Amino acid sequence: MVLGNSSEELSGSGSECSEEVEITVNVGGIRQVLYGDILNRYPETRLAEMVNCLAGGYDAIFSLCDDYDPGKKEFYFDRDPDTFKCIIEVYLYGEVHMKKGMCPICFKNEMDFWRVDLDLLDDCCKSHLNEKNEELGEIARRVQTILDDLGGDTSESKWKRFQKCLWKFMEKPESSFPARITAILSFLFILISSVVMCIGTIPEMQVEDLQGNHVEHPTLDNIETVCIGWFTLEYLLRLISSPNKLHFALSFMNIIDVLAILPFYVSIVLTHLGAGIMGLTNVQQAIQALRIMRIARIFKLARHSSGLQTLTYALKSSFKELGLLLMYLAVGIFVFSALGYTMEQSHPETLFKSIPQSFWWAIITMTTVGYGDIYPKTTLGKLNAATSFLCGVIAIALPIHPIINNFVKYYNKQRVLETATKHELELMELHSNGGYLGASGSSKELSEGRGLSVRDHMKVSHSDTFIQALTEEKHHRTRLQSCK
């Protein structure tokens with residue numbers, strides 16, 4: 001291609017282009033003719049600036065495109081043609097829609113390249129973009145956490161470094177083999193304490209105290225004491241090593257840990273100090289009530305089970321569906337209990353004494369439990385019962401599918417985030433000339449390189465979620481290269 005035209009020819013071409021008010025663009029091999037009056041609807045965009053760029057010389061031209069053919073007056077762009085078809089919709093319809101299957105981050109980068117305002121993106125597409133940004137933020141946080149674990153800050157005190165090591169040991173079983181063993185032991189102590197709590201209620205496993213009351217066997221008490229000692233030590237170590245004590249104390253799972261430990265120590269205090277103040281009978285009743293709180297320790301299993309954590313988050317994201325389920329059941333319970341009470345009043349041996357009492361019958365009928373303690377005896381009452389459990393089955397089945405979808409969606413998302421985090425670390429390893437695992441001192445190099453944000457590392461790694469719009473060094477590609 002000959003680029004040595006005179007400035008007069010270039011100016012003439014620019015004036016001619018202005019008179020015709022149209023430009024020809026070739027995006028990824030797809031040729032399109034665009035009119036200036038339409039492009040000037042958004043004058044700040046790249047395409048609108050190209051309408052009058054010819055008068056500015058080749059510097060102005062190549063600041064906007066990858067290549068230019070003065071003979072055909074055609075601009076060349078080495079960009080995605082499918083995305084460009086979506087971009088030009090803004091000049092026709094005033095908004096941009098992202099096609100199904102496109103990466104939202106790549107689409108946003110294309111919009112930045114064509115200088116189209118992000119506010120012109122349709123709301124339905126913005127939700128996908130925001131979701132993808134949240135995923136990238138989560139990946140960045142995970143990568144940053146791994147980088148923090150690889151090398152500590154030498155300027156920190158010994159206590160800070162010890163605190164970080166202890167936190168990693170207690171909170172991240174995958175960090176080392178001893179940490180994994182500790183997590184397994186904690187899991188076993190939770191199971192043992194739960195089994196002991198159940199076995200202690202068997203009459204054959206109980207003994208009589210001096211007052212003739214049945215209490216737990218001393219051996220079971222000793223096992224319980226050992227388990228509580230482990231839970232207390234674990235909680236204190238995690239509290240000491242926590243970087244944010246207030247956030248740690250108010251965390252839901254840590255509140256569960258406190259509820260699992262506290263009844264044991266309160267029972268000891270009441271046994272030794274409360275007898276003279278409250279009376280022996282009241283102390284025993286208080287201790288029995290506190291023992292019920294030991295069931296909270298079963299929730300500690302969620303700390304060591306990713307499946308339970310996924311289920312918890314799925315239920316949290318399904319509050320709307322669960323609310324609809326409760327609303328459907330509440331309406332059905334009220335309607336069918338009132339009908340059941342009215343229809344059964346004619347029977348002399350009716351079991352429906354009042355509408356509130358009929359609530360119990362409606363609940364166990366609509367949930368298809370049917371204990372049989374209360375049931376209709378008239379023909380109309382039986383028809384009402386049949387209708388109620390059919391409606392109950394439908395009401396329960398309706399929100400189940402969205403809840404399952406939320407569970408599968410969250411589970412798959414977590415797997416994708418884990419895979420993406422490993423992928424980013426591998427790319428950063430390649431970028432660090434030998435990697436933090438393969439070369440000595442490279443871990444320190446990565447840790448010292450944390451002056452850049454993790455997103456900067458991710459951009460430098462040339463991940464498929466980041467596309468460079470224009471490189472700093474302009475390469476004037478030939479037309480054949482642009483049309484590949």
Side-chain angles (χ1 to χ4, degrees), residues 124 127 131 191 194-195 197-198 201 252-253 255-256 259-260 289 291-303 305-415:
C124 63
S127 61
E131 182 179 354
L191 292 181
S194 302
V195 172
M197 181 186 68
C198 298
T201 60
F252 174 74
M253 291 306 303
I255 293 176
I256 294 296
L259 293 179
R291 287 182 179 274
I292 300 299
M293 294 179 62
R294 293 186 300 175
I295 61 176
R297 68 188 58 174
I298 198 65
F299 294 104
K300 289 169 63 68
L301 291 175
R303 187 185 303 279
S305 174
S306 59
L308 290 177
Q309 294 175 7
T310 303
L311 178 61
T312 301
Y313 284 110
L315 292 177
K316 286 175 61 178
S317 60
S318 304
F319 276 157
K320 183 178 180 180
E321 289 80 7
L322 292 174
L324 290 175
L325 171 62
L326 294 178
M327 185 186 69
Y328 295 154
L329 290 178
V331 172
I333 289 169
F334 181 81
V335 171
F336 291 114
S337 61
L339 291 176
Y341 171 76
T342 303
M343 295 175 179
E344 290 295 310
Q345 289 303 300
S346 60
H347 198 281
E349 299 180 356
T350 179
L351 299 176
F352 294 78
K353 304 298 182 182
S354 64
I355 292 181
Q357 185 183 11
S358 302
F359 285 167
W360 169 249
W361 168 81
I363 292 174
I364 62 177
T365 302
M366 293 192 68
T367 56
T368 67
V369 176
Y371 288 117
D373 54 342
I374 178 173
Y375 54 91
K377 296 182 179 180
T378 63
T379 302
L380 290 177
K382 293 178 181 180
L383 291 175
N384 177 61
T387 306
S388 66
F389 70 70
L390 288 176
C391 292
V393 170
I394 296 174
I396 294 175
L398 285 177
I400 293 300
H401 186 66
I403 295 175
I404 294 176
N405 283 342
N406 289 334
F407 177 86
V408 175
K409 180 179 179 180
Y410 182 82
Y411 179 75
N412 292 334
K413 180 180 178 181
Q414 293 302 310
R415 294 187 62 182

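Keep in mind the model is a prediction, meaning the values are calculated, not measured.
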Sub-4.5 Å side-chain heavy-atom contact between [X] and [Y]:
X: Pro399; Y: Leu325; answer: yes
X: Phe407; Y: Tyr313; answer: no
X: Cys391; Y: Phe336; answer: yes

Please answer whether the main-chain N or O of [Y] pairs with a side-chain N or O of [X] as donor and acceptor at a distance below 3.5 Å.
X: Thr378; Y: Gly381; answer: yes
X: Asn406; Y: Leu315; answer: no
X: Asn412; Y: Val408; answer: yes
X: Gln345; Y: Phe352; answer: yes
X: Thr350; Y: His347; answer: no
X: Ser388; Y: Ala385; answer: yes

So that I know where these two stand, are Trp361 and Tyr375 an aromatic pair - ring centroids less than 6.0 Å apart?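 No - the distance between ring centres of Trp361 and Tyr375 does not fall below the 6.0 Å cut-off.
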
Distance from [X] atom [atom1] to [Y] atom [atom2], nearest 0.5 Å?
X: Leu380; Y: Ser346; atom1: CG; atom2: OG; answer: 7.5 Å
X: Ile374; Y: Lys353; atom1: CD1; atom2: NZ; answer: 9.0 Å
X: Phe319; Y: Ile403; atom1: CZ; atom2: CD1; answer: 11.0 Å
X: Tyr371; Y: Ile364; atom1: OH; atom2: CD1; answer: 7.5 Å
X: Leu339; Y: Asn384; atom1: CG; atom2: CG; answer: 5.0 Å
X: Ser317; Y: Leu322; atom1: OG; atom2: CG; answer: 9.0 Å

Looking at every heavy atom in both Ile400 and Ile396, which two are closest together, and how far apart are they?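 What the structure gives for the nearest pair is CG1-O, 3.0 Å.
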
Minimum-distance pair of heavy atoms, taken over all atoms of Cys124 and Ser127: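 Looking at all heavy atoms of both residues, the closest pair is O-OG, 2.7 Å.
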
Could you tell me whether Glu344 and Lys377 have a side-chain N and a carboxylate O separated by less than 4.0 Å?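 Salt bridge between Glu344 and Lys377, a charged N being under 4.0 Å from a carboxylate O: no.
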
Tell me, with the steps shown, if Phe389 and Met366 meet side chain to side chain contact (heavy atoms under 4.5 Å, CB included). CA-CA 4 Å; Phe389 70 70; Met366 293 192 68; over 6 Å; no

Flag for Trp360-Asp373: side-chain donor and acceptor within less than 3.5 Å: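 Yes.
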
